[in-house]
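Working notes, structure below.
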2 protein chains.
Amino acid sequence: MTDASPPTAPRTARERARAELTREIVDTARTHLAADGAAGLSLRAVARDLGMVSSAVYRYFPSRDDLLTRLIIDAYDALGDAAETAEAEVRRTDLRGRWMAIAHGARDWALAHPQEWSLIYGSPVPGYVAPADTIGPASRTTTLLITILADLQAQGGVSDPQKVGRLVRAAMTPIRAAVPEQVPDDLIVRGLMAWTELIGTISLEINGQFHNVIDDMSEYFDHVMNRIAGVLELG
Amino acid sequence: MTDASPPTAPRTARERARAELTREIVDTARTHLAADGAAGLSLRAVARDLGMVSSAVYRYFPSRDDLLTRLIIDAYDALGDAAETAEAEVRRTDLRGRWMAIAHGARDWALAHPQEWSLIYGSPVPGYVAPADTIGPASRTTTLLITILADLQAQGGVSDPQKVGRLVRAAMTPIRAAVPEQVPDDLIVRGLMAWTELIGTISLEINGQFHNVIDDMSEYFDHVMNRIAGVLELG
DNA sequence: ATTTGTCAAGAGCAGTGCTCACAAACATGG
DNA sequence: CCATGTTTGTGAGCACTGCTCTTGACAAAT
């Protein structure tokens, strides 16, 4: 590796123009996504906004789904960024603070970009299968949570680790590979449940399922996430 | 009430034919929904399957959204049915059993009808606002859970009711109106969190978010729902 | 028997994703 | 500097969508 620049550094004017236009396409597509949602994302409309003909866009994205995939990856990355920067501002020893920062960071980002949130945690478009490129950015947020679990275990873990049945333990084989060995099964389950509650609460709020249920979602969210922190015994 | 028949009983042959055809449209629409998802639901394709011209369908449903609304209502009702019948087979005093029956009933229905599940708990179509007709069927499942909370409270409630802050209590005003007075705030919060974990776990499973995380989702789901029952102290 | 209301049909409009042949713009080897 | 080969934008076109409107046929009520 003698070159530290990105894999495809724009050398010629053409390559630079291509990179530029690709960015513009993605940007206006994201604008349309925010306005009309994934279902209303039209390649032709994007082309119109950019003053080009619709077929020209196909030189940059072979299909609408590929454009959507790009938006999904970007969304995962933006969410990961939001969670990471929020968590970075908290003392490493303050596990509860780190959890709360991630939770609030994720929610704030979701409220600011509801359509992009729905893109990654909402119902998948049928016939559309998430390409392998998405799993990297997708795991950024969960990695943060796993690190908290590991740090928690390093400082003594949970007080009453529940025993996990044999079959459940077997079912957890895949996630086991992504979590440090020292973290016991019980803690992984609590972590998964916390993650589910986090994603679930945000999704239900975004989908309006809390209408006529909770008035002040910020207050409720903070309360619930603090309770979760209690279940995880984050101090 | 001298007549127990539905509000618009088909009297003439025309009315009967209309009711029949409406049912056929909804049925084939539901078939298409299951196959291609909400985004792929095409009024023209439904009409083709029924051997009629597309414009004729508009005599029965003024727009595609109205057809979707009907499917949403039906989905809520079907889910409510599944949960209710599952819960009805358990002793009323067995609160844990009732909770587990509802949870498994909901999951089983969701796995059998993933597209319909996504229709009600997935990302909403932008520009589409759920009409008031949907709130009735929508609350059937939650009513079951509220009843369990009330029954739990009637037989002593939870052992260590946590105090809920003033602001959180205020935020819960709407849901308070739907829950018996005796049920304390703490129990309502636990119920909401349980509901969120239930919907969240099922949604994440349906959306494939547990891939490379959990192998045997049935096993994991049962374990988690039992833990939730423990949090609720359902015995 | 005639009016009234309902219905399916078909044409048509505006929009979509996507393909293809063609021509202009460009990068690069001789 | 010029010729070659690649890349890009163009515009026409196909098959599809939701939806509207007019037209002609039929049933129900009067």
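In what follows, every chain begins at residue 1, and chains take the letters A, B, ... in the order their sequences are listed.
- Look at Tyr60(B) and you'll find a side-chain N or O under 4.0 angstrom from OP1 or OP2 of dA8(C).
- Taking atom CG of residue Asp66(B) and atom P of nucleotide dT20(D), one finds them 11 Å apart after rounding to whole Å.
- Separating the CD atom of Glu15(A) from the C1' atom of dT8(D) is a distance of 14 Å, rounded to the nearest angstrom.
- Checked against dT20(D), dA8(C), dT8(D), the side chain of Tyr58(B) finds its nearest nucleotide in dT20(D).
- For Arg18(B), a side-chain nitrogen or oxygen approaches OP1 or OP2 of dC7(C) to under 4.0 Å.
- Scored by the ring pair (Phe, Tyr, Trp, His ring centres under 6.0 Å) test, His113(B) finds Trp109(B) as partners (sequence neighbours excluded).
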Per-nucleotide protein contact along nucleotides 10-16 of chain C, 5' to 3', at a 4.0 Å heavy-atom cut-off (B base, S sugar-phosphate only, - neither), is B-B---B

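- Side-chain N/O atoms of Arg107(B) and Ser218(B) include a donor and acceptor closer than 3.5 Å.
- As rounded to whole Å, 18 Å separates atom P of dG18(D) from atom CZ of Arg59(B).
- Nucleic acid contact for Leu21(A): sugar-phosphate only, since backbone atoms but no base atoms lie under 4.0 Å from a heavy atom of the residue.
- Shown here for Ile206(A) and Ser118(A), the closest heavy-atom pair between the two residues is CG2-OG, 4.2 Å.
- Among the protein residues, Phe61(B) comes within range of no part of the nucleic acid, since none of its heavy atoms lies under 4.0 Å from any strand.
- The side chain to side chain contact (heavy atoms under 4.5 Å, CB included) search around Ala86(A) returns Ala101(A), not counting sequence neighbours.
- In this structure, Arg18(B) is positioned above the aromatic face of Tyr60(B), its NZ or CZ under 6.0 Å from the six-membered ring centre and within 45° of the axis.
- Side-chain contact check for Met100(A) versus Val90(A): every heavy-atom pair is 4.5 Å or farther apart.
- In this entry the distance linking CG of Leu68(B) with P of dG18(D) reads 10 Å, nearest Å.
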